[in-house]
Amino acid sequence: MLDLALRMSILTPGDHQSLHVALGLVEAPAGGTVPVPEWDDAAHVLRFQGRTIRQLRRPKHSPNVRAILRAFQEEGWPSQIDDPLPNGRHPGRLRETIRSLNRDLEQIRFRADGDGEGVPWELR
């Protein structure tokens with residue numbers, strides 16, 4: 001229900017994550033609320049807590065990074081998404097994309113889920 005409310009723009013990504021915490025679906029950090037990133041696909045900017053933490057300067061050269069960030073934004077920043085990359089499952093390509101995505105990120109990080117089928121994110 002929460003995911004549907006998010007997709008219908010009834011909930012913001014932050015409210016979506018906060019409700020997950022309140023319902024016990026995910027653990028809250030010590031501060032109580034879970035801040036979530038925000039991906040602005042039009043500006044090619046990833047923000048966290050109001051600060052730009054990543055800007056894709058050559059977005060046409062980063063379609064896989066954009067696909068991951070777009071999927072997280074569309075799904076309201078759940079703790080993990082399924083591999084959104086086109087052309088089927090390819091764990092090496094997913095790992096390389098995650099490595100590129102994590103470059104110079106300090107507040108959050110992305111991981112491969114171990115079986116090459118999902119991408120979790122977490123606070124650092």
Side-chain angles (χ1 to χ4, degrees):
M1 294 290 288
L2 294 177
D3 293 341
L4 179 61
L6 177 70
R7 287 188 190 116
M8 294 175 67
S9 299
I10 296 169
L11 291 176
T12 66
D15 290 340
H16 178 264
Q17 187 70 24
S18 294
L19 285 169
H20 271 83
V21 170
L23 293 170
L25 301 173
V26 295
E27 259 186 62
T33 61
V34 178
V36 296
E38 177 187 349
W39 169 246
D40 182 338
D41 197 47
H44 316 294
V45 172
L46 179 63
R47 293 183 186 92
F48 185 69
Q49 296 182 315
R51 286 187 34 229
T52 297
I53 61 172
R54 185 68 177 278
Q55 182 167 10
L56 299 181
R57 306 233 186 271
R58 298 170 58 189
K60 290 183 181 182
H61 296 278
S62 307
N64 292 339
V65 168
R66 289 180 63 208
I68 289 174
L69 293 171
R70 188 179 300 124
F72 269 109
Q73 187 67 31
E74 288 172 357
E75 294 183 31
W77 291 90
S79 59
Q80 179 170 322
I81 59 170
D82 292 333
D83 179 354
L85 301 184
N87 303 321
R89 187 171 163 234
H90 190 284
R93 178 182 58 168
L94 182 61
R95 280 191 303 276
E96 183 56 38
T97 300
I98 291 168
R99 187 175 302 122
S100 175
L101 182 53
N102 281 330
R103 194 171 300 124
D104 299 324
L105 284 182
E106 295 178 3
Q107 297 84 354
I108 65 172
R109 74 175 174 163
F110 298 86
R111 296 183 295 111
D113 68 355
D115 61 12
E117 294 182 6
V119 181
W121 77 275
E122 60 194 17
L123 300 174
R124 284 193 182 235

Smallest separation among heavy atoms of [X] and [Y], with atom names:
X      : Y      : answer
Ser100 : Val65  : OG-CG2, 4.0 Å
Arg93  : Leu85  : NH2-CB, 3.7 Å
Arg95  : Ala112 : CG-CB, 4.3 Å
Ile108 : Arg124 : O-NE, 3.1 Å
Gln80  : Asp113 : NE2-OD2, 3.3 Å

Verdict with supporting geometry, Leu105 and Phe110, side chain to side chain contact (heavy atoms under 4.5 Å, CB included) = CA-CA 9 Å; Leu105 284 182; Phe110 298 86; 3.8 Å; yes

If you round to the nearest 0.5 Å, how far is [atom2] of [Y] from [atom1] of [X]?
X     : Y      : atom1 : atom2 : answer
Ile53 : Arg51  : CD1   : CZ    : 8.0 Å
Leu94 : Glu117 : CG    : CD    : 10.5 Å
Glu75 : Asp82  : CD    : CG    : 7.0 Å
Thr97 : Arg66  : OG1   : CZ    : 13.5 Å

Using atom types as modelled, flag every donor-acceptor pair under 3.5 Å from a side chain in residues 41-49 to any protein atom, sequence neighbours excluded.
from	atom 1	to	atom 2	distance (Å)
Asp41	OD1	Trp39	NE1	2.9
Asp41	OD1	Arg70	NH2	3.4
Asp41	OD2	Arg70	NE	3.2
Asp41	OD2	Arg70	NH2	3.3
His44	ND1	Asp41	O	3.1

Applying side chain to side chain donor-acceptor pair (under 3.5 Å), name anything that partners Arg109, two or more places apart in sequence or on another chain.
->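 Applying side chain to side chain donor-acceptor pair (under 3.5 Å) to Arg109 gives Glu122.
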
What residues form a side chain to side chain donor-acceptor pair (under 3.5 Å) with Arg57, not counting sequence neighbours?
->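 Gln55.
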
Please work out which of the three classes, parallel, tilted or perpendicular, describes the rings of Trp77 and Trp121, given edges at 30° and 60°.
->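 The arrangement is perpendicular - the two ring planes meet at more than 60°.
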
Do Asn64 and Leu101 touch side chain to side chain, with heavy atoms closer than 4.5 Å?
->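 Side chain of Asn64 against side chain of Leu101, heavy atoms only: no contact under 4.5 Å found.
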
Heavy-atom distance under 4.5 Å between the side chains of Pro35 and Leu123, does that happen here?
->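 They are in side-chain contact.
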
